[in-house]
Each structure stands twice: as C-alpha cells, then as structure tokens.
Amino acid sequence: MVMDDGSGQKASKTIGRREALANISLLGALVVLGAGVVNAFVRFIYPPRRGVQGAGDEIEVGPVANLAIGKGTKFFADGVTYWVLHVDDGFKSFNAKCTHAGCIVEWIEGSRYFKCPCHGAQFDANGNVISGPAPSPLVAAATIVKGGKIYLKG
Ligand code: FES
C-alpha cells in the first residue's frame, strides 16, 4: 500500500498476512452482524404468522369428492406448502413446514399422522406434536367447505 505522509513523499506499507486475515474476519463479522440486524428489522415490520392462519384470501383446493376420509393432499399456494386433510371430524389444513427447522412434513396416510423427514418429529391429525424435536404444533390454516369445494385461507 502506498501512503502519503504529508511531506509530499510517498511511503509504502505492506499489510501483513495476519493483519489482512484480521481485516477479512472483521469484515465478515460486520457483514453477518449487518444481515442479522436487517433480518430482525424485516421480521419486526413483517412478523411471521403464528397459530391459526386465516387472514388471507380464500384459496380453492379442489372438490370435496376428491379427498376421501383419511386422505391428505399437499397443496402449494402463495409460496407456502399446505397439507389439506379429510379426517373423521372434517377437513383440516396445515402449513406443511415443520416447526423444528422448517422441513416439509409428510402425511402418513395409513397411520394418520405427520412425520418430518429431517429429524423425525411427528404430529397428529390436529397438528399437535406427538414426538420431538419440534417445539410446537403445525400452524393450522382456516379450512372452508362450500359448494362442494374445499378452500383454505392462508
Ligand atoms: Fe422437522 Fe427437524 S425439521 S424434525
């Protein structure tokens, strides 16, 4: 690096390897810190939905006749994967994202529970945790049946 020492003469300084690595580490730490601050700000402005969803528009899933009791269908809308179930007490919908680390859970039709392929969490047909490591139930979506069709509100 060439520096001007104010006397009109140029002085050169070589940055050592350790100093360069320290600068790179500091820069990396600042980038990570900055990303965390931006993420916290965005989550403050647009908080993630928790609990039962249903503030959005109705999304048509399909005819009731296509979903027999015990069956589930995976449905993708607005960037979200849902499971829509027909169980003994009616139709239910859940965000398919596991509450542990966000993997998409699978509906085990024969046994009527959800299983996460990533770390094995299990949820019952109401979205409640049967076994960990998931810390909380699946997020339910409002499910509406009208005119022979199933709708959900994401
Ligand atoms: Fe589902 Fe870990 S992401 S159990």
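Whatever order the structure lists them in is the order used to number ligands and atoms, beginning at 1.
Contact between Ala134 and ligand 1 is absent, with no heavy atom of the residue lying under 4.0 Å from the ligand.
Atom 1 (Fe) of ligand 1 lies at 2.8 Å or more from every N, O or S atom belonging to His119. The distance from atom 1 (Fe) of ligand 1 to the nearest N/O/S atom of His100 is not under 2.8 Å.
Taking every non-hydrogen atom of Pro133 and a distance limit under 4.0 Å, the qualifying atoms of ligand 1 come out as 4 (S). Taking a cut-off of under 4.0 Å to the non-hydrogen atoms of Cys116, the atoms of ligand 1 that pass are 1 (Fe), 3 (S), 4 (S). Within ligand 1, counting atoms from 1 as listed, the ones closer than 4.0 Å to a heavy atom of Ala121 are 4 (S). Close approach of ligand 1 to Cys103 is summarised as follows: ligand atoms under 4.0 Å from at least one heavy atom of the residue are 3 (S).
For the pair Lys71 and Trp107, the tightest heavy-atom approach, listed with the atom from each and the gap, is C-NE1, 3.9 Å.
Counting heavy atoms of neighbouring residues, nucleotides and ligands inside a 6.0 Å radius, atom CG of Asp78 does not exceed 12 of them.
Ring geometry for Tyr82 versus Phe75: interplanar angle of 30 to 60°, hence tilted.
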Worksheet entry | Chi angles and distances behind the ring pair (Phe, Tyr, Trp, His ring centres under 6.0 Å) call for Phe94, Phe123 | CA-CA 11 Å; Phe94 300 95; Phe123 305 86; 8.9 Å; no

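Among Val105, Thr81, Val84, the single residue meeting the side-chain contact (heavy atoms from CB on, under 4.5 Å) criterion with Lys74 is Thr81.
Under the 4.5 Å side-chain criterion, counting only non-hydrogen atoms from C-beta, Asn66 is not in contact with His86.
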